[in-house]
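What follows is a set of notes on a single structure, which appears directly below.
Since the structure is predicted, the reported quantities are computational estimates derived from the model, not experimental observations. Excluded from the calculations below are hydrogen atoms, water molecules and symmetry mates; all remaining heavy atoms, backbone and side chain alike, are included.
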Amino acid sequence: MSSLQIRQRLEYVIFRTLLFVVNCLPVRATVALADGLAWVMHNVVPKKANRYGVARENLQIAFGESLSDEQSDRIIHGMWRHLFRMVFEMVQLPRRFRLTNCADALQFERREDCVKALCSGRPVLFLGGHFGNWEISVNTFGHFGFPMSVVARHLDNPYLHRWFKHFRESTGNSMIAKHGAGAELAEIMEQRGMASLLCDQDAGKSGVFVDFFGRRASTFKSIALLALQYNALIVVGGAFRLPDAAPSGARWVRFNLATQDVIDAAAFQGANGMTELTQRFTSSLEALIRKAPEQYFWVHRRWKTPPDARRRHREAAAA
């Protein structure tokens, strides 16, 4: 056995041990633990290590002068609290979340619009971002008998990857590796199926630049091109946590499973259809994030690629 395999197995043993501990805790204890870990991450861990500067810069880009330093700091602290809570919720999800109690745990925003898209007989792309608890969203649709294919990165540790694959497929969904997902997605769209993917990642120099919180951001063209080619519907949404009504006695937490927008690709068949469609779903995601900005992953470098990156690359190559 190689040293890499030993390290991977050790990581998995530690991971499963932590799973066991978290699963034994009541919700109230996991909330307190998440608060404590968030405080440490925000106040003790060095700013460079917790990427505070990246988050602060992103918030300045997104909200400008309307956001004070105190408000920005509160959002970043809230982001860490949310992320730790999300991890614990994901661990406890199979044990605490069932079809029989989903009405107690979820508030459905624009449910009728979403169901209409699901029952349209057309291919559907569900788009979300690093916002809220994205695992709750996918899990819920599986519970209701609307399984979908979920695009996700293959984890480096094969033991961890198998656990997450089993977790995401436990309610009927299926996993698609992010690398080389185009062919599988095309087949799903051709069969009028459903697929879920994130649409808030930097696409580098080859992406299409659209406005995201008032700043041009490189966005993958493939989503819009796929929707246009197969005349798909796009549902933009996500599940964000609602304020704790009674944290001392709550058996589970509540989420707003929100359908922010339903977009018909057939309405974007013009010469600039791809760009206009990309802008539409990006703006919809922005509107969703504004509902609970502390539940967005602000340490992600969404504006990493400048709009003139392609021109700079051509000039450098010519030189």
Side-chain angles (χ1 to χ4, degrees), residues 62 82-83 85-86 89-90 93 97 99 102-103 105-120 122-152 168 171-174 176 185 188-189 192-201 210 212-213 217 219-220 222-224 226-227 230 232-243 253-265 267-268 277-297 300 302:
H82 159 69
L83 288 171
R85 286 192 66 175
M86 185 183 74
E89 288 159 1
M90 186 176 71
L93 191 63
F97 186 72
L99 184 61
C102 69
L106 296 174
Q107 169 184 306
F108 295 90
E109 184 177 339
R110 295 183 61 182
R111 176 177 55 184
E112 293 78 10
D113 293 335
C114 184
V115 172
K116 186 177 179 180
L118 291 170
C119 300
S120 66
R122 294 169 61 182
V124 181
L125 285 171
F126 285 86
L127 301 184
H130 292 87
F131 170 75
N133 192 323
W134 50 86
E135 299 292 350
I136 287 280
S137 305
V138 175
N139 196 281
T140 299
F141 284 104
H143 274 302
F144 276 95
F146 293 102
M148 63 184 71
S149 299
V150 182
V151 179
R168 287 169 174 154
T171 57
N173 300 303
S174 59
I176 297 178
L185 284 173
I188 291 167
M189 293 294 98
R192 299 182 181 181
M194 296 179 288
S196 173
L197 59 161
L198 303 180
C199 63
D200 65 336
Q201 296 167 302
V210 294
F212 184 58
F213 282 96
T219 309
F220 286 101
S222 55
I223 298 173
L226 196 66
Y230 292 98
L233 294 174
I234 293 177
V235 177
V236 181
F240 59 94
R241 191 181 302 99
L242 295 171
V253 288
R254 284 185 53 80
F255 295 89
N256 182 350
L257 185 60
T259 297
Q260 181 64 33
D261 200 1
V262 178
I263 309 168
D264 190 343
F268 296 85
L277 180 54
T278 304
Q279 180 64 73
R280 170 71 176 271
F281 67 67
T282 301
S283 297
S284 298
L285 178 62
E286 176 187 327
L288 183 64
I289 293 168
R290 288 181 181 274
K291 293 180 178 181
E294 74 284 352
Q295 295 186 40
Y296 187 62
F297 196 50
H300 169 59
R302 183 64 184 93

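- With rounding to the nearest 0.5 angstrom, the OG1 atom of Thr282 is 6.5 Å from the CZ atom of Arg302.
- Without hydrogens or angle criteria, Arg254 side chain to Pro243 main chain gives no donor-acceptor distance under 3.5 Å.
- Closest approach of Ala227 to Leu277, counting heavy atoms only: CB-CD2, 4.1 Å.
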Let me see the working for Ile289 and Phe212 under side chain to side chain contact (heavy atoms under 4.5 Å, CB included), right down to the final yes or no. CA-CA 11 Å; Ile289 293 168; Phe212 184 58; 3.8 Å; yes
Worked verdict on Leu197 versus Leu127 for side chain to side chain contact (heavy atoms under 4.5 Å, CB included): CA-CA 5 Å; Leu197 59 161; Leu127 301 184; 3.8 Å; yes
Please evaluate residues Val124 and Val235 with respect to the criterion side chain to side chain contact (heavy atoms under 4.5 Å, CB included), reporting the C-alpha separation (whole Å), side-chain torsions for both, the decisive distance (0.1 Å), and the verdict. CA-CA 7 Å; Val124 181; Val235 177; 3.9 Å; yes
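- When all heavy atoms of Ala239 and Ser137 are compared, the pair lying nearest together is N-OG, 3.2 Å.
- Under the salt bridge (charged side-chain N to carboxylate O under 4.0 Å, His left out) criterion, Arg290 pairs with Glu286, sequence neighbours left out.
- Between Glu135 and Leu93, the shortest heavy-atom contact is O-CD2, 4.4 Å.
- The minimum heavy-atom distance between Ala292 and Phe131, with the atom names listed, is O-CE1, 3.3 Å.
- Going from atom CZ of Arg192 over to atom CZ of Arg122 covers 9.5 Å, rounded to the nearest 0.5 Å.
- Not counting sequence neighbours, Ser222 has no partner by the side-chain hydrogen bond (donor to acceptor under 3.5 Å, both in side chains) test.
- The shortest heavy-atom contact between Cys114 and Thr259 is CB-OG1, 3.3 Å.
- A distance of 8.0 Å separates CD1 in Ile234 from OG1 in Thr278, rounded to the nearest 0.5 Å.
- In this structure, the side chains of Thr140 and Phe97 come closer than 4.5 Å at one or more pairs of heavy atoms.
- Separating the CE atom in Met194 from the OG atom in Ser174 is a distance of 10.0 Å, to the nearest 0.5 Å.
- Here Tyr230 pairs with nothing under the ring-ring contact (aromatic ring centres under 6.0 Å, His included) rule; sequence neighbours left out.
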Might you work through the side chain to side chain contact (heavy atoms under 4.5 Å, CB included) test for Glu294 and His82, ending with a clear yes or no? CA-CA 7 Å; Glu294 74 284 352; His82 159 69; 5.6 Å; no
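- Separating the CZ atom in Phe255 from the CG atom in Leu242 is a distance of 8.5 Å, to the nearest 0.5 Å.
- Annotation: side-chain contact (heavy atoms from CB on, under 4.5 Å) contacts of Leu198 (sequence neighbours excluded): His130, Asp200, Gln201.
- Taken to the nearest 0.5 Å, the CG atom of Asn173 stands 10.5 Å off from the CZ atom of Arg168.
- Across Ile188 and Ser149, no two heavy atoms sit closer than the pair CD1-OG, 3.2 Å.
- With hydrogens and angles ignored, the 3.5 Å screen pairs a side-chain donor or acceptor of Gln295 with a backbone N or O of Arg241.
- Partners of Phe281 under the ring-ring contact (aromatic ring centres under 6.0 Å, His included) rule, at least two apart in sequence or in another chain, do not exist in this structure.
- Looking at Met189 and Leu226, their side chains come closer than 4.5 Å, going by heavy atoms from C-beta outward.
- Using a 4.5 Å heavy-atom cutoff, the side chains of Cys199 and Phe220 are not in contact.
- Scanning for ring-ring contact (aromatic ring centres under 6.0 Å, His included) contacts around Phe297 gives an empty result, with sequence neighbours left out.
- The aromatic rings of Phe144 and Phe108 sit perpendicular to each other, their planes meeting at more than 60°, with 30° as the lower class boundary.
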